[in-house]
Amino acid sequence: MDDITSLSATTLSRAIHSRHVSCRAVMEAYLARIEALNPKVNAIVSLRDTAPLLSEADAADRALSAGQTRGWLHGIPFAVKDLSEAKGLRCTYGSRSYRDYVPDFDDIHVERIRAAGAIVIGKTNAPEMGLGSHTYNGVFGATRNPYDLGRSAGGSSGGAGAALATRMVAVADGSDMMGSLRNPAAFNNVVGFRPSFGRVPSLGSELYLGQHAVNGPMGRCVADVAALLSIQAGYDARDPLSLPDEALRLEARKDWSGVRIGWLGDYGGHLPFEPGVLELCRDAMTVFSSLGASVSDVTARFEMERLWWGWRTYRHFLVAGGQAADYTDGDKRAEMKPEMIWEIENGRALSAADVLAASAIRSDWYRHVLELFETNDFLVLPAAQVFPFDVDLDWPKEIAGRSMDTYHRWMEVVIGPTMAGLPVAAMPAGFGTAGLPAGIQIIGRPRADMAVLQLAAAYEARTDWLQRMPAVA
């Protein structure tokens with residue numbers, strides 16, 4: 001069974017379709033692994049009962065015997081992030097107010113994952129309404145880092161990251177507004193991909209103003225991430241800002257000579273880093289040099305504090321709008337964590353002029369990033385400013401002696417790509433002296449999703465970090 005769960009998702013798919021392994025055996029292997037490891041890390045939540053899951057696996061086997069397949073995920077167990085709706089399965093959003101909510105519909109990307117043959121087995125843990133890059137909530141508790149159970153698995157896709165690292169799932173979905181596909185990838189030594197805004201359509205009560213959060217794939221290798229993206233992505237009329245359909249196929253590129261890669265680092269000293277993180281990520285740039293690419297330091301000549309103000313304003317505005325009904329309900333407001341109330345109350349105090357000013361900052365930043373891409377084909381940043389921290393903390397209050405003035409300031413390194421709507425691959429950058437993982441962000445030009453994944457795959461092929469299993473697994 002360990003042999004089954006050690007396979008990449010795409011390799012597992014080939015084994016299933018060639019009938020070298022049955023869907024029932026796959027389901028049994030993953031359920032056994034979840035039973036053994038999940039009590040330690042708490043990554044999988046709302047796990048379905050065994051009997052119906054085995055019945056669905058048997059049905060998948062019968063379909064293959066009849067020469068029928070639903071897609072490359074046929075018969076593969078899949079756990080959906082607990083911020084996305086899956087029909088008939090509890091969706092708590094990490095909130096005690098929704099602890100018993102069972103949607104009667106799938107979000108668009110979940111609908112597509114099911115259509116491709118996946119068997120949804122449960123959910124992956126997430127922080128309350130996705131706020132904060134640390135996965136803990138009042139419904140299920142905290143998800144622990146499999147490389148050190150006393151540390152955070154990151155967030156908000158922390159459950160997905162930890163489940164991948166421990167091989168409790170083969171591939172996973174996640175979402176990202178402020179690094180939620182990137183931070184847990186770095187903390188758990190897996191791959192996370194933030195697609196271009198609009199690449200993966202999603203349902204929502206407000207369809208036009210929320211242009212920061214995206215859904216996307218996570219995996220144990222780039223090939224799996226690209227394969228899942230090909231299913232998640234594509235136009236859907238229910239999401240008017242979704243991008244047109246296009247072929248998303250990962251093809252190997254052998255010659256990287258002449259490709260220019262710019263290292264943004266700490267934005268010229270603007271960002272503080274825990275000792276060892278920045279150095280480890282900078283050392284990882286030698287991997288690109290070994291491919292033949294040209295690596296150089298890049299200075300972003302932008303007032304980064306202005307970008308932070310724009311980001312905070314946008315986030316206040318969007319969170320306050322999204323949670324307005326819950327906030328006005330006294331019982332639900334009493335269940336909210338302090339950071340949620342802080343976001344909402346700041347958002348309620350904003351004027352239309354404030355939001356327009358934030359949009360102007362975002363526009364200026366986008367134009368500046370385009371200037372950086374005139375002399376660079378890709379940009380690289382660390383994926384987090386700290387190593388995985390104490391799981392019992394709500395968030396890091398200080399980095400390298402500098403006080404963090406908000407609950408998310410410690411993750412400021414991720415806001416640049418978000419504000420510009422750019423595609424980003426989070427890739428491992430090695431391990432610190434304490435054995436804790438770190439990661440980098442590979443950032444591409446607007447809508448150059450496959451180019452980013454191409455470079456990420458070449459980077460992966462030159463390293464062995466993804467093969468380093470956590471002690472828990």
Side-chain angles (χ1 to χ4, degrees), residues 1-2 5-6 9 27 29-48 50 53 76-84 86 89-94 110 113 118-128 130 132-176 179-192 216-220 224-225 228 388-392 426 436-437 439 466 469-473:
M1 289 185 178
D2 282 348
T5 59
S6 67
M27 182 61 71
Y30 273 100
L31 291 179
R33 196 159 186 86
I34 290 169
E35 182 180 12
L37 298 182
N38 198 53
K40 300 177 183 179
V41 296
N42 191 35
I44 304 291
V45 297
S46 299
L47 182 67
R48 294 174 59 203
T50 298
L53 290 175
I76 293 180
F78 198 101
V80 175
K81 184 176 178 179
D82 203 27
L83 298 184
S84 290
L89 192 59
R90 185 164 64 141
C91 183
T92 74
Y93 310 108
V110 177
I113 287 167
I119 300 175
V120 175
I121 62 171
K123 307 298 282 289
T124 55
N125 204 17
E128 182 181 337
S133 288
H134 176 25
T135 298
Y136 72 96
N137 59 63
V139 184
F140 301 111
T143 297
R144 295 176 177 271
N145 193 301
Y147 287 89
D148 182 338
L149 293 175
R151 305 280 178 154
S152 168
S156 62
S157 308
L164 285 166
T166 51
R167 302 203 308 257
M168 291 192 288
V169 294
V171 67
D173 72 313
S175 56
D176 185 307
S180 292
L181 281 158
R182 294 166 279 168
N183 163 256
F187 274 22
N188 292 280
N189 191 46
V190 295
V191 179
M218 297 181 74
R220 302 185 214 149
D224 288 354
V225 166
L228 184 56
F389 53 87
D390 189 331
V391 72
D392 293 323
L436 296 172
L466 287 169
M469 294 292 295
V472 172

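Counting only heavy atoms from C-beta outward, the side chains of Met27 and Ile121 approach each other to under 4.5 Å. A heavy-atom distance below 4.5 Å is not found between the side chains of Asn188 and Leu164. Under the 4.5 Å side-chain criterion, counting only non-hydrogen atoms from C-beta, Leu466 is not in contact with Arg220. Side-chain contact between Phe389 and His134: present, with at least one pair of heavy atoms (C-beta onward) separated by less than 4.5 Å. Between Ile113 and Phe78 there is a side-chain heavy-atom pair separated by less than 4.5 Å. The shortest side-chain heavy-atom distance between Leu436 and Arg151 falls under the 4.5 Å cut-off.
Heavy atoms only, all atoms of each residue included: Val41 and Met168 are closest at CG2-CE, 3.5 Å. Shortest non-hydrogen contact noted between Ala142 and Asn42 is O-ND2, 2.9 Å. Of all heavy-atom pairs spanning Pro184 and Gly155, the tightest one is CD-O, 3.3 Å. Residues Ile119 and Arg48 approach most closely at CG2-NH1, 4.5 Å, considering heavy atoms. The nearest pair of heavy atoms linking Ala165 to Val190 is N-CG1, 4.0 Å. The two residues Arg144 and Lys40 make their nearest non-hydrogen contact at CD-O, 3.6 Å.
For Asn145 and Ser152, the side-chain atoms include no donor-acceptor pair closer than 3.5 Å.
Of the possible polar contacts, one joining the Asp173 side chain to the Lys81 backbone as a donor-acceptor pair under 3.5 Å is found. A donor-acceptor contact shorter than 3.5 Å is absent between the side chain of Arg90 and the backbone of Val45. Side chain of Asp224 to main chain of Ala9: a donor-acceptor pair is present (N/O by atom type, distance under 3.5 Å, no hydrogens or angles). One N or O on the side chain of Lys123 and one on the backbone of Ser84 form a donor-acceptor pair closer than 3.5 Å.
In this structure, the side-chain contact (heavy atoms from CB on, under 4.5 Å) partners of Ala426, at least two apart in sequence or on a different chain, are Arg182, Ala185. Annotation: side-chain contact (heavy atoms from CB on, under 4.5 Å) contacts of Ser133 (sequence neighbours excluded): Asn183, Trp410, Met411.
For the atom pair CG of Asn125 and CG of Asn137, the computed distance is 5.0 Å after rounding to the nearest 0.5 Å. In this structure, Tyr93 OH and Asp82 CG are separated by 8.5 Å, a value rounded to the nearest 0.5 Å. Here Thr124 contributes atom OG1 and Phe140 contributes atom CZ; the two are 10.5 Å apart, rounded to the nearest 0.5 Å.
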Side chain to side chain donor-acceptor pair (under 3.5 Å) evaluation trace for Thr135 with Thr143 | CA-CA 6 Å; Thr135 298; Thr143 297; 5.2 Å; no

Residues Tyr147, Asn189; criterion side chain to side chain donor-acceptor pair (under 3.5 Å); working and verdict | CA-CA 9 Å; Tyr147 287 89; Asn189 191 46; 3.1 Å; yes

